[in-house]
Amino acid sequence: MHLIIAEKNIVAERIAAFLAGKEKVQITRDGAAAHYVFDDTVVMGLRGHVVEVDFVEGYNNWRSAEHPPKSLINAEIIKKPTEKKIVGVLQKFAKKATRVTIATDYDTEGELIGKEAFELIRAVNTKVPVDRARFSAITKDEIVKSIQEATSLDFNLAAAGESRQIIDLVWGASLTRFLSITAHRGADSILSVGRVQSPTLAMIVDREREIEAFVPTKYWVLSLTSEKAGIGVEARHVHGRFTDYAEAKAAYDATKEPVKVTDVITGHKVDRAPAPLDTTALIVGASRLGISASYAMNRAEDLYMRGFISYPRTDNTTYPKSLKIGEQLEIFAHGAFTKEAAYVKNHLRSVPTRGKKETTDHPPIYPTSLANREEIGDDVSWKLYEFIVRRFFATICIDAEWETMKINMSAGSEPYTITGGRILEAGWRGIYPYSKAEENILPVFAVGDTLPLLSKNSEEKETQPPARYSQSRLIQRMEELGLGTKSTRHEVISKLSGRKYIEGNPMKPTIVGRAVTESLEEFAGTITEPTMTKTLEEHMTDIAAGTKTINAVLSESRSMLSGIFEDLEKNEAAIGRDLMERTREEQTIGPCPVCGKPLRIKRVGSSQFIGCSGYPDCTFNTGLPPATWGNAIKMDEVCEIHGLNHVQLLRKGAPAWKIGCPLCSHIKSNTDAFLLLPGMTEEGIRKLNAVHIYTISELISRGPEVLAKNLGMSTSAAEKLIREAEGVLALLKKRTELKKFISAHVAPKRGRGHSKVSAAMISMGVTDVEALSRADPASLLEAKLSEAEAASLVAEAKSMVNISRMKEYGVPAITLKKYVNAGFDDPEKFVAVHPAGLSLATGVSVTTICNHQKLVAEKLCRPSPEKISKVAFEEGIAPLRKKADPELLTPLALAGVYSPELLVKADVKTLAKVSGIEEKQIADLQKYAKKVAEK
Ligand SMILES: [Zn+2]
Ligand SMILES: [Zn+2]
């Protein structure tokens with residue numbers, strides 16, 4: 001059996017379809033792992049890496065004294081399966097296979113994934129021949145050919161990938177642990193450090209410092225307007241920028257008529273068609289289309305796997321000879337690009353353009369098959385596909401040609417110039433709208449022409465600071481410095497933003513990002529410099545070339561890292577202090593409205609709030625939604641009223657929740673409560689806020705004397721206000737209870753959330769659970785409850801109210817539970833029932849019951865029910881127990897009959913009615929009771 005292993009399931013499915021024809025393939029799904037069978041062949045997909053590298057056991061505990069961060073440098077590394085199901089399926093087939101073909105992606109990562117599969121195969125089958133198919137596009141021709149011409153795995157290339165995995169694990173884990181522990185960071189705010197990540201972050205921080213240090217200088221540019229043959233023209237002063245105002249002024253003053261044409265120079269310019277696309281150029285192009293680097297790569301990979309484009313991770317900018325340009329163009333003779341393809345055919349260049357790099361692994365990125373919009377699906381993928389198609393067209397189109405014109409002139413003593421251009425041959429520009437070149441067609445000038453001076457202008461400008469890095473610019477810069485690879489650069493940027501080290505695009509560092517960088521620069525600068533990373537990167541390439549061994553490079557990396565740790569450990573205390581000092585600012589949002597000390601975002605477990613750094617002297621604080629809704633983060637915006645930074649909650653996989661100014665939001669959320677005070681107005685609330693009363697409880701705790709002084713009112717008026725506030729507080733408490741009750745008892749439905757139901761009830765006057773217990777269920781239908789729901793809700797509320805009344809009356813919780821279980825939660829019913837029956841129903845002793853009944857009866861202002869002694873009860877019930885069915889005893893006792901004597905006295909008919917026992921049964925029992933009584 002021939003086993004073919006692809007990197008992903010979707011590729012496996014396509015490979016099987018190409019080799020067998022779709023109808024012939026049998027699909028078997030085994031949980032996460034599908035495989036495709038035809039003839040004597042099985043094709044299966046991995047999920048990228050199915051094993052991962054990790055430290056041997058014992059290194060997981062960050063606080064371990066035995067294994068400090070430094071010990072990770074030389075800790076043993078092992079491989080662990082991450083996709084056990086897939087590994088299981090792979091090994092099941094590997095045992096039976098007579099040939100295995102590895103058809104993972106054709107790059108370092110793919111080679112490593114292939115080698116991982118190889119090792120799993122060898123573990124169960126030492127003999128089966130394993131070969132390697134390499135392809136750059138998932139099209140039928142490429143796939144069939146690559147499997148026919150399969151060669152062997154490149155173990156050097158895989159080792160290069162493996163060395164990167166291990167080095168990144170060791171560097172990242174040891175440095176991140178060291179820094180996070182040193183700076184006393186919690187588990188949700190670790191400070192991550194990485195070999196590629198840290199120098200990249202340093203570039204962004206560096207640029208920010210340049211921007212801050214930038215001092216703009218003024219300069220002036222001069223221009224004049226004139227006309228020729230009725231066409232307006234603008235000429236600029238040949239000097240360019242004047243940095244000296246006096247000079248600019250002198251030149252401006254000297255600009256005067258006559259304006260005379262001194263030179264007319266026409267030329268010819270070739271505007272070269274762009275080079276084929278590599279990964280970096282793809283990212284740059286995507287960024288012009290408004291697509292972020294990592295999203296562009298994600299979409300490009302999807303297009304590749306679906307067979308629409310060639311492999312998007314490539315450094316090559318030269319098409320291989322084997323690529324048949326004519327055939328590729330023919331693909332587009334029909335479909336969305338028919339017109340453009342025809343144009344290209346008419347403007348075909350003899351040889352496609354070529355860039356500076358030529359590698360032999362992959363071709364540059366080009367479209368491999370025709371697609372229409374529907375097939376492609378989302379807008380972003382389509383934009384990207386169209387860009388790749390048009391770029392391919394441009395690279396095989398003739399150059400554009402321009403006629404250029406330069407008109408020199410003098411205005412008084414001052415030299416001016418105009419440049420213009422006209423397209424002679426549009427060439428590639430006819431189908432490539434992504435880089436525009438504007439024509440500027442000038443009227444015909446001749447040397448010696450005298451022109452009117454319509455106006456002269458001196459414009460004052462300022463030099464601009466360097467621009468922040470855009471993602472694509474940063475990726476280009478990383479490539480120049482040898483940081484990361486074509487496959488990892490965009491991931492590094494995503495990581496930096498995921499760790500909240502950078503924000504925005506163009507990117508700027510956050511407070512933490514800057515703090516980490518500056519602290520490292522000060523104490524262990526080599527981590528933030530690109531040199532070491534670049535060296536390692538080059539040596540990994542040497543492993544692939546076979547000129548260095550993986551062990552040599554790993555031990556070189558370990559000694560570099562040991563050197564770094566020497567610096568770090570020497571400065572441990574200083575780094576900790578420095579980082580804490582630098583990051584404190586990230587939590588500080590502005591002055592406390594009460595005492596003026598800094599307010600900080602604080603976190604205790606999952607609850608977070610804004611508190612005053614003057615605590616406990618100042619107790620000002622405002623709540624924030626719990627961290628489960630997202631971590632509270634300070635924003636740049638500042639509230640104009642309170643001078644506090646806005647706050648937002650960062651949620652995983654959802655847009656940020658903007659709280660805004662925490663004090664404004666605090667005031668707003670307490671407005672409704674204040675308005676419940678009799679006669680309270682918005683103006684009144686402002687007065688309270690002005691003396692730092694933001695909540696009802698703050699109003700109460702102020703006390704009548706201070707409040708009177710604060711608000712300029714009499715003490716008695718302040719007392720009244722406080723009493724009213726206490727009333728509101730009680731009301732709010734009850735509302736909260738009602739809301740809790742509703743969310744516990746009403747199932748949420750679409751369009752009927754808990755808060756909607758509560759709000760509807762409150763608006764109809766049902767403001768607490770007590771009112772709900774008295775409500776007519778029919779009236780609750782307005783709150784979108786069904787009849788059954790309303791009835792059960794009222795019953796639940798009644799029971800809750802009853803229980804809390806019984807508690808209030810002094811019935812202890814444990815016994816109360818027994819009463820409730822037996823159905824006696826209603827105080828009225830409880831005092832009316834006979835203690836003997838209640839004792840039998842609940843197992844509580846009669847004495848206790850009598851005491852409780854007395855307690856409740858007093859509270860209800862009712863006479864206490866009949867009291868019976870424990871002895872009387874037990875002596876009475878004992879003979880009845882001997883004869884009567886135990887199930888009959890409770891109803892009898894509830895009706896007040898608990899002894900033979902009482903039974904003899906009872907009227908059979910009445911007792912049957914009250915107890916629900918059949919007359920005949922009672923009569924039989926009575927006969928027995930008579931005998932007992934006679935004795
Ligand atoms: Zn304060
Ligand atoms: Zn505010």
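Both counts, for ligands and for their atoms, begin at 1 and track the order of listing.
The two residues K658 and Q648 come nearest to each other via the heavy atoms CE-OE1, 3.6 Å.
Ionic pairing of E770 and R774 is present here: one or more N-O contacts between side-chain nitrogen and carboxylate oxygen are shorter than 4.0 angstrom.
One finds an angle of 110° at the Zn ion (ligand 1) between SG on C618 and SG on C592, to the nearest 10 degrees. The Zn ion (ligand 2) lies at the vertex of an angle of 110° between the SG atom of C661 and the SG atom of C639 (rounded to 10°).
Within a 6.0 Å radius of CD in E566, no more than 12 heavy atoms belonging to other residues, nucleotides or ligands are found.
A perpendicular orientation is assigned to the rings of F178 and F565, their planes being inclined by more than 60° (bins at 30° and 60°).
Within H642, ND1 is the N, O or S atom that lies nearest to the Zn ion (ligand 2).
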